[in-house]
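Beneath this line is the structure, given in structure tokens, with notes to follow.
Labels below follow one simple rule: chain letters A, B, ... track the order of the sequence lines, proteins then strands, and each chain is numbered from 1.
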Amino acid sequence: MKVPAVKGTRDFYPPLMARRNYLVDGWKAAANRNGFEEYDGPILEYLKMYQIKSGDEIVDQLFSLQDRGGRDLAIRPEITPTLARMVNQQINALPRPIKWFSVPRLCRAERPQKGRLREFFQWNIDVIGAEDLLADAEVICCALDYLQSTGLTADDVVVRISSRRMLAEMLKAIGVAEDQLESLYPLLDKKGRMAPDAFEAALGDLVPAADPMNKILDLMKAERLEQVSEGVTMTGPAQASVEELSSLFDLLDRMGVADFCRFDISIVRGLAYYTGVVFEIYDRDCELRALGGGGRYDNLLKQFGGPQVTATGLGMGDCVLAILLEEKGLLAGRVPTRSLDYYVACVDKRYFPQAVEIVARLRRAGRRANLSYRQTGLGKQLKQASEQNATEVVIVGAEIESQRVAVKALASGEQRVVAVDQFFAGLQA
RNA sequence: GUGAAAGUAGCUCAGUUGGUUAGAGCACUGGUUUGUGGUACCAGGGGUCGGGGGUUCGAAUCCCCUCUUUCACCCCA
């Protein structure tokens with residue numbers, strides 16, 4: 001009976017596994033370059049951990065199960081709650097700022113579509129315990145460091161940046177009541193995906209009075225940070241919040257990534273827990289969904305029973321990223337393929353024991369080496385050596401009777417006969 | 001959760017108004033080549049035509065259900 005792979009999951013055959021490792025290794029290298037340390041947590045968590053942050057609706061969007069002890073568990077759909085739990089447990093012992101990263105395997109029970117599967121990998125980097133804007137800038141820079149390492153440029157990707165704090169202060173300055181803010185965020189977040197008149201109608205439902213509503217529409221039209229305050233009576237906090245975002249852009253400029261970054265007031269993020277800088281990374285042509293996103297979340301640790309500790313971070317999934325890199329031709333030739341230092345070919349089965357000895361010695365010397373299990377013609381073995389991307393072939397033939405082998409370099413075709421001991425002595429160098 | 005399209009060899013796909021034993025290219029295995037690779041030529045293996053049910057003398061082909069894939073919506077941590 002044939003059993004198919006589960007909906008929305010992938011089988012990582014060697015070529016796909018090589019691609020996955022290429023992405024994950026790049027993420028880890030970039031995080032390490034930027035001073036982040038790796039952590040991981042369990043793939044199973046208590047279901048209620050996700051209900052704390054996102055409410056009950058989340059339950060039908062994740063994979064949950066009951067263990068034999070009757071505990072309600074979930075396969076992690078994100079790692080931030082795990083991070084909050086882990087940090088909270090050791091909050092007083094950890095030196096700050098805490099700069100941690102992880103590449104968790106996550107599952108979400110959604111309908112698969114382009115750039116979204118049910119099982120995927122997500123790079124997460126977070127800075128905890130640093131209120132400084134430099135932390136937000138570093139998170140963005142680290143993501144851009146990675147993206148540039150793949151060959152992407154400012155012509156390919158853009159980071160759209162705004163601030164929850166600024167949006168809140170501006171809305172208040174316009175005359176929106178504080179308790180209305182939370183209900184406005186999801187709608188403002190959706191503005192770009194809605195028809196303009198549908199957006200205005202929905203906004204009218206939330207903010208019936210014409211005065212604040214029209215000012216909200218004007219505010220959301222701002223294309224540059226300087227335009228945000230036009231026609232608004234600025235309060236002190238509102239002014240400060242604009243200046244804060246402005247100094248973030250100064251920092252990003254100083255860090256050499258200004259070309260990638262753009263103010264975009266429509267970046268709100270649907271989630272309630274963001275408190276400051278928010279950003280999303282897109283392909284320039286805007287044909288794909290977001291490559292990643294993040295921002296500042298100052299209350300999350302407290303929600304998970306810890307102290308009020310400031311935090312900022314980002315998540316980037318592997319699905320959209322792989323699609324973009326593929327489209328830009330940045331995978332072919334960059335994803336490493338199987339390769340060998342030596343392929344040991346055996347000319348006659350009489351010499352096979354010596355060939356086995358040689359391949360084992362090569363491996364003990366730290367070289368990647370392979371040989372054919374089956375005695376076939378030398379031509380066939382050379383073909384296999386080529387297919388396995390061997391640099392050199394050690395040919396074990398009649399010369400072995402006088403302790404010598406032929407060594408052939410596949411790229412040039414050059415071949416020399418050398419004493420076995422001399423050959424291995426040469427490997428030390 | 002809603003809607004649309006698709007599913008034939010490992011992959012990409014042909015397959016006539018329903019008609020004999022379902023094909024091609026690539027890939028794979030072997031050979032031409034018993035001590036020299038990438039090319040070429042020859043041969044071979046591999047299919048319950050996604051699965052189940054129905055209509056029919058006869059189904060890859062028509063109908064229903066189901067699974068999977070793709071795309072869009074909802075949602076997007």
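Judged by Watson-Crick or G-U wobble contacts below 3.5 Å, the nucleotide B/C41 has B/G31 as its partner. Shown here, B/U55 forms no base pair; nothing in the strands shown gives a Watson-Crick or G-U wobble contact with both key distances under 3.5 Å. When both distances must be under 3.5 Å, the Watson-Crick or G-U wobble mate of B/G25 is B/C11. B/U16: no Watson-Crick or G-U partner with both key distances under 3.5 Å is found in any strand. Across all strands shown, the partner of B/U69 is B/A5, judged by Watson-Crick or G-U wobble contacts whose two distances both fall under 3.5 Å.
At most 12 heavy atoms of other shown residues, nucleotides or ligands fall within 6.0 angstrom of atom CD in A/Glu182. Counting non-hydrogen atoms of neighbouring residues, nucleotides and ligands closer than 6.0 angstrom, the CD atom of A/Glu37 reaches no more than 12 such neighbours.
We find that NZ of A/Lys380 is positioned 15 Å from C1' of B/G35, with the value rounded to whole Å. If you take CD of A/Glu110 and C1' of B/U2, they are 15 Å apart, rounded to a whole angstrom. The distance from atom NZ of A/Lys114 to atom P of B/A5 is 20 Å, rounded to the nearest whole Å. Between A/Gln381 atom CD and B/U34 atom P there is a gap of 13 Å when expressed in whole angstrom units. As rounded to whole Å, 19 Å separates atom P of B/A77 from atom CG of A/Leu47. Atom pair A/Glu387:CD and B/G37:C1' shows a separation of 9 Å (rounding to whole Å applied). Atom CZ in A/Phe63 sits about 15 Å away from atom C1' in B/A77, given to the nearest Å. Rounded to whole angstrom, the span from the CG atom of A/Leu83 across to the C1' atom of B/A77 amounts to 14 Å.
Using a 4.0 Å heavy-atom criterion, one finds that A/Ala398 contacts the bases of the nucleic acid, with or without backbone contacts as well. Across all strands shown, A/Leu62 has no heavy atoms under 4.0 Å from either base or sugar-phosphate atoms. Counting non-hydrogen atoms under 4.0 angstrom, A/Gly379 reaches the backbone sugars and phosphates but no base.
Across the C1' atoms, B/G54 and B/G15 are found 24 Å apart, a figure rounded to whole Å. As rounded to the nearest Å, B/C63 and B/G44 have P atoms that lie 38 Å from one another. Across the P atoms, B/U70 and B/C13 are found 14 Å apart, a figure rounded to whole Å. B/C71 and B/A60: their P atoms are spaced 31 Å apart (whole Å). Taking atom C1' on both nucleotides, B/A40 is separated from B/A72 by 48 Å, rounded to a whole Å. Comparing the C1' positions of B/U61 and B/U55 gives a spacing of 13 Å, expressed to the nearest Å. Rounded to whole Å, the C1' atom of B/U16 lies 25 Å from the corresponding atom of B/U48. Between B/U21 and B/U33, the two C1' atoms lie 36 Å apart (nearest whole Å).
To the nearest 0.5 Å, atom CZ of residue A/Arg108 and atom CD of residue A/Gln61 are 9.0 Å apart. Atom CG of A/Leu188 and atom OG of A/Ser266 lie 9.5 Å apart (nearest 0.5 Å).
Salt-bridge annotation for A/Lys48 and A/Asp72: absent, with no side-chain N of the basic residue lying under 4.0 Å from a carboxylate O of the acidic one. The pair A/Asp189-A/Lys191 does not meet the salt-bridge criterion, since no charged nitrogen lies less than 4.0 angstrom from a carboxylate oxygen. Salt bridge present: A/Asp318 and A/Arg10 bring a charged side-chain N and a carboxylate O closer than 4.0 Å.
For A/Lys190, a side-chain nitrogen or oxygen approaches OP1 or OP2 of B/C75 to under 4.0 Å. For A/Arg374 and B/U29, the shortest distance from a side-chain N or O to OP1 or OP2 is not below 4.0 Å.
Comparing A/Tyr50 and A/Thr376, the nucleotide of RNA chain B nearest to each residue sits closer to the 5' end for A/Thr376. Comparing A/Asp189 and A/Leu117 by the nucleotide of RNA chain B whose heavy atom lies nearest to each, the residue mapping closer to the 5' end is A/Leu117.
Side-chain proximity of A/Lys7 to B/G37, B/U69, B/G35: nearest is B/U69. Picking from B/G37, B/G35, B/C76 the nucleotide with the shortest atom distance to the side chain of A/Arg193 gives B/C76. Closest to the side chain of A/Gln113, from the set B/U70, B/C73, B/A77, is B/C73. Here B/G37 is the nucleotide among B/A72, B/G37, B/A77 with the atom lying nearest to any side-chain atom of A/Lys408.
Judged by distance alone, with hydrogens and angles left aside, A/Glu399 brings a side-chain donor or acceptor within reach of the base of B/G35, the pair sitting under 3.5 Å. No N or O donor and acceptor, one from the side chain of A/Arg111 and one from the base of B/C73, sit under 3.5 Å apart. Looking at A/Arg108, its side chain comes within 3.5 Å of the base of B/A77 through a donor and an acceptor atom. Under 3.5 Å, the side chain of A/Arg116 and the base of B/C71 form no donor-acceptor pair of N or O atoms. Taking 3.5 Å as the limit, the base of B/U36 and the side chain of A/Gln415 contain a donor-acceptor pair of atoms between them. Taking 3.5 Å as the limit, the base of B/G37 and the side chain of A/Ser386 contain a donor-acceptor pair of atoms between them.
In this structure, the side chain of A/Asn32 engages the main chain of A/Lys28 through a donor-acceptor pair within 3.5 Å.
Listed by residue number, the members of residues 289-319 of chain A with any heavy atom below 4.0 angstrom from RNA chain B are A/Arg289.
Residues A/Arg367 and A/Tyr342 bring no donor and acceptor atom of their side chains to less than 3.5 Å of each other.
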Between A/Trp27 and A/Phe121, does a ring pair (Phe, Tyr, Trp, His ring centres under 6.0 Å) hold up when you go through it step by step? CA-CA 11 Å; A/Trp27 281 339; A/Phe121 295 84; 8.1 Å; no

When you look at A/Arg289 and A/Asp283, which way does the salt bridge (Lys or Arg N to Asp or Glu O under 4.0 Å) test go after all the steps? CA-CA 8 Å; A/Arg289 57 181 66 242; A/Asp283 63 299; over 6 Å; no

